[in-house]
Each structure stands twice: as C-alpha cells, then as structure tokens.
Amino acid sequence: MDCLFCKIINGEIPSFTIYEDEQVKVFLDINPNTNGHCLIVPKKHIVTVEDLEDSLATHILKVEKIIYQKLREKLHIDGLTICQNNDLGQDVKHYHVHLIPRYKDDNWKMQFNQESLKEPEEIFKQITNE
Ligand code: AMP
Ligand code: ZN
C-alpha cells in the first residue's frame with residue numbers, strides 16, 4: 001500500500017522512533033511544533049477515529065501516558081497537548097495522534113476564524129433538535 005506511515009512502520013522509510021510495541025510505533029514528527037513533538041501511529045492501517053477499535057484506543061491511551069512521563073523526565077516539558085486530525089486537516093491518511101509538548105515560553109496560539117460564529121445555544125438546538 002502506498003502509505004507513508006505504513007512505510008515508516010515497516011522500516012522502508014527511516015524515523016526517529018522513541019517507543020515501539022506490537023500495536024504502535026511512536027516517532028518524532030519531521031516538522032515539529034515544539035521540541036519532542038511526536039506521533040503515536042498504530043501498526044494497522046486505519047484512517048480516521050471512526051475506524052479505531054476500542055481496544056486499540058485503550059492501548060493508545062496507555063502509550064500516551066508512557067510517553068508523557070518519558071518526555072517529562074527527559075525534556076522537562078511543562079505540559080502536553082494531544083490532538084488528532086480527521087479528514088479536513090489530516091495530511092497523512094493513516095490514523096495518528098499528535099503529542100505536542102508544551103513549554104511555558106512556547107507562545108502557542110491556535111487561530112480559528114471566529115468572526116461568523118453562531119451562538120452556542122443555536123448550535124445546541126441544531127445538534128439536539130430541541
Ligand atoms: P496531519 O496533518 O495530522 O496528518 O499530520 C501529519 C504529520 O506528519 C505532520 O505533522 C508532518 O510533519 C508529519 N510527517 C510527515 N512526514 C513525516 C515523516 N516522514 N516522518 C515524521 N513525521 C512526518
Ligand atoms: Zn498506512
């Protein structure tokens with residue numbers, strides 16, 4: 001399969017792998033937001049969260065905690081932002097979780113266009129039909 005992350009998982013493309021077990025590989029992002037930005041990637045090729053089995057999700061959560069501890073010990077990070085893109089914003093169509101270390105001085109701001117946002121009450125009605 002012509003998938004970048006499958007190639008990294010099977011060793012065709014090199015990576016800076018910091019953790020690996022039978023279900024996942026964790027390697028440094030090639031274009032990091034902060035020092036230590038890494039990706040948890042399941043070995044099984046799945047695309048979005050909708051394909052993710054509960055048992056694998058539970059395992060990924062365990063690995064998130066392991067990596068958080070490792071990064072705290074080794075890089076002295078101040079926090080960790082965990083995110084995962086699906087469809088829009090997902091450049092690599094092989095499911096992966098971003099672990100982005102936070103540092104007190106990292107000055108990270110997420111910017112969305114908020115000019116035309118509706119009120120939460122209106123959105124609530126749309127979602128719940130109330
Ligand atoms: P997303 O936009 O959520 O699909 O994120 C894809 C991520 O993969 C980006 O942060 C890229 O920097 C990262 N990436 C792309 N190619 C590589 C690679 N060869 N090794 C490590 N990370 C990569
Ligand atoms: Zn893949």
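Values in this document were obtained by computation on a predicted structure and should not be read as measured data. Count residues from 1 along the sequence. First listed ligand is number 1; within each ligand, the first listed atom is number 1.
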Is the closest side-chain heavy-atom distance between L39 and H98 below 4.5 Å? yes
The Zn ion (ligand 2) - number of protein N/O/S atoms closer than 2.8 Å: 4
K44: partners by side chain to side chain donor-acceptor pair (under 3.5 Å), with sequence neighbours left out: E53
Counting distance only, does the side-chain N/O of N113 pair as donor-acceptor with the main-chain N or O of E115 below 3.5 Å? yes
Pair D78 + K104, salt bridge at N-O below 4.0 Å: yes
Ionic contact status for K43 with E22, cut-off 4.0 Å: no
Salt bridge (Lys or Arg N to Asp or Glu O under 4.0 Å) with D2: which residues, sequence neighbours excluded? K7
Mind jotting down which protein residues get a heavy-atom contact under 4.0 Å with ligand 1? Chain and number order, please. L4, F5, I8, F27, L28, D29, I30, N31, L39, N85, G89, Q90, D91, V92, H96, H98
Does a side-chain heavy-atom distance below 4.5 Å link L80 with I100? no
V41 with V92, same ILVMFWY side-chain cluster at under 4.5 Å: yes
Among Y19, F16, F5, which residue satisfies the ring-ring contact (aromatic ring centres under 6.0 Å, His included) criterion with F27? F5
